[in-house]
Amino acid sequence: MHEKTFEIKYTNYQFLAEMPEADRQLIQKAREALLRGYAPYSGFRVGAAVLLQNGSIITGNNQENAAYPSGLCAERTALFYASSQYPNIPIIAIAVSTFGNGLSDEAKPCGACRQVMSEYEDLSGKPLRIILDGTDQITIFDTIDCLLPFRFRQRDMEGENG
Ligand code: THU
């Protein structure tokens, strides 16, 4: 029997001014995208901004639907658009904003969005920086491993472990 632990590292910021400039820019784009979100049913708009290795920033927001499950979260809207338009350019960071939504803490991505982030982190071969922007604090994770430990990966189907 072996008892093991998994350590999750994350960084909290209270002020944008404390953050690296590249993160601030990405957050700004996610905040702008949030304002264009289509969320008539929940009233909860979310914005996302994806940074590609070539410096391009792709944005998206949540898109709801009268048939509720047909809607999509901001993260997947932005990630799928980025991958569909720039299939060979690694995705290296994503900022998700719920700034000004009435919650003080940042919203945490749902499980399906984490799984999608996992796929693109593996595809790019680089850790995905995940920036969660709330009204009163910003939390950063350096890799999807910290948000989705023991994730299902393509390599699990190929019999490789690890
Ligand atoms: N939502 C996102 O877009 N991203 C998240 O990380 C959390 C939830 C959306 C889905 C839905 O449109 C609304 O927020 C309420 O759940």
*What residues form a side chain to side chain contact (heavy atoms under 4.5 Å, CB included) with Leu123, not counting sequence neighbours?*
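Residues passing side chain to side chain contact (heavy atoms under 4.5 Å, CB included) with Leu123: Tyr120.
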
*Between Ile138 and Val46, is there a shared hydrophobic cluster once you connect ILVMFWY residues whose side-chain heavy atoms come closer than 4.5 Å?*
no

*Do the side chains of Tyr86 and Leu26 join up, straight or via other hydrophobic residues, at under 4.5 Å, putting them in one cluster?*
no

_According to side-chain hydrogen bond (donor to acceptor under 3.5 Å, both in side chains), who are the partners of Glu119, at least two apart in sequence or on a separate chain?_
none

*Are there more than 12 heavy atoms of other residues, nucleotides or ligands under 6.0 Å from atom CZ of Phe6?*
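It does: Phe6 CZ has more than 12 such atoms within range.
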
*If you draw a 6.0 Å radius around OH in Tyr81, do more than 12 non-hydrogen atoms from other residues or ligands fall strictly inside?*
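No, the 6.0 Å shell around OH holds no more than 12 heavy atoms from other groups.
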
*Does Asn101 reach the side chain of Phe99, with side-chain heavy atoms less than 4.5 Å apart?*
no

_When you compare the side chain of Ile8 with that of Phe141, does any pair of heavy atoms fall below 4.5 Å?_
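A side-chain contact exists here, since the closest heavy-atom pair is under 4.5 Å.
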
Donor-acceptor pair, distance only, cut-off 3.5 Å: does the side chain of [X] make one with the backbone of [Y]?
X: Ser83; Y: Leu79; answer: no
X: Asn61; Y: Leu34; answer: no
X: Arg45; Y: Leu35; answer: yes
X: Ser84; Y: Phe80; answer: yes
X: Arg114; Y: Leu147; answer: yes

*May I have the step-by-step check of side-chain contact (heavy atoms from CB on, under 4.5 Å) for Glu18 and Leu16, ending in yes or no?*
CA-CA 5 Å; Glu18 299 177 301; Leu16 270 185; over 6 Å; no

*asked:* Given Met117, which partner from the list Asp122, Ile91, Leu128 fulfils the side chain to side chain contact (heavy atoms under 4.5 Å, CB included) test?
replied: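 Only one of Asp122, Ile91, Leu128 forms a side chain to side chain contact (heavy atoms under 4.5 Å, CB included) with Met117, namely Leu128.
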
*Name of the residue among Ile130, Leu132, Ile58 meeting side chain to side chain contact (heavy atoms under 4.5 Å, CB included) with Ile94*: Ile130

*Sort and list the pairs that fulfil side chain to side chain donor-acceptor pair (under 3.5 Å) and have at least one residue in residues 32-41, not counting sequence neighbours.*
Arg36-Thr59

*side chain to side chain donor-acceptor pair (under 3.5 Å) contacts touching residues 128-137 (sequence neighbours left out)*: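 Passing the test, one end in residues 128-137: Asp23-Arg129, Arg31-Asp133, Ser97-Asp133, Glu106-Gln137, Arg129-Asp142.
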
*Pick one: which of Lys126, Glu121, Lys9 meets side chain to side chain donor-acceptor pair (under 3.5 Å) with Thr143?*
Glu121

_Tell me every residue that passes salt bridge (Lys or Arg N to Asp or Glu O under 4.0 Å) with Glu75, counting only those two or more places apart in sequence or in another chain._
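Listed in chain order: nothing, the list is empty.
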
*Sequence neighbours left out, what passes salt bridge (Lys or Arg N to Asp or Glu O under 4.0 Å) with Glu21? Give chain and number order.*
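Applying salt bridge (Lys or Arg N to Asp or Glu O under 4.0 Å) to Glu21 gives Arg24.
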
*Gln53 side chain to Ser124 side chain, donor-acceptor N/O pair below 3.5 angstrom*: no

*Please determine, by modelled atom types, if Asn12 and Gln14 share a side-chain donor-acceptor pair under 3.5 angstrom.*
no

_Working for side-chain contact (heavy atoms from CB on, under 4.5 Å), residues Ile57 and Leu52_ = CA-CA 6 Å; Ile57 294 176; Leu52 305 183; over 6 Å; no

*Taking it one step at a time, do Arg76 and Cys110 satisfy side-chain contact (heavy atoms from CB on, under 4.5 Å)?*
CA-CA 10 Å; Arg76 276 176 289 161; Cys110 77; 3.9 Å; yes

*asked:* Set out, in order, the CA-CA distance, both residues' side-chain angles and the distance that settles side-chain contact (heavy atoms from CB on, under 4.5 Å) for Tyr13 and Ile140, then state yes or no.
replied: CA-CA 8 Å; Tyr13 289 92; Ile140 300 191; 3.7 Å; yes

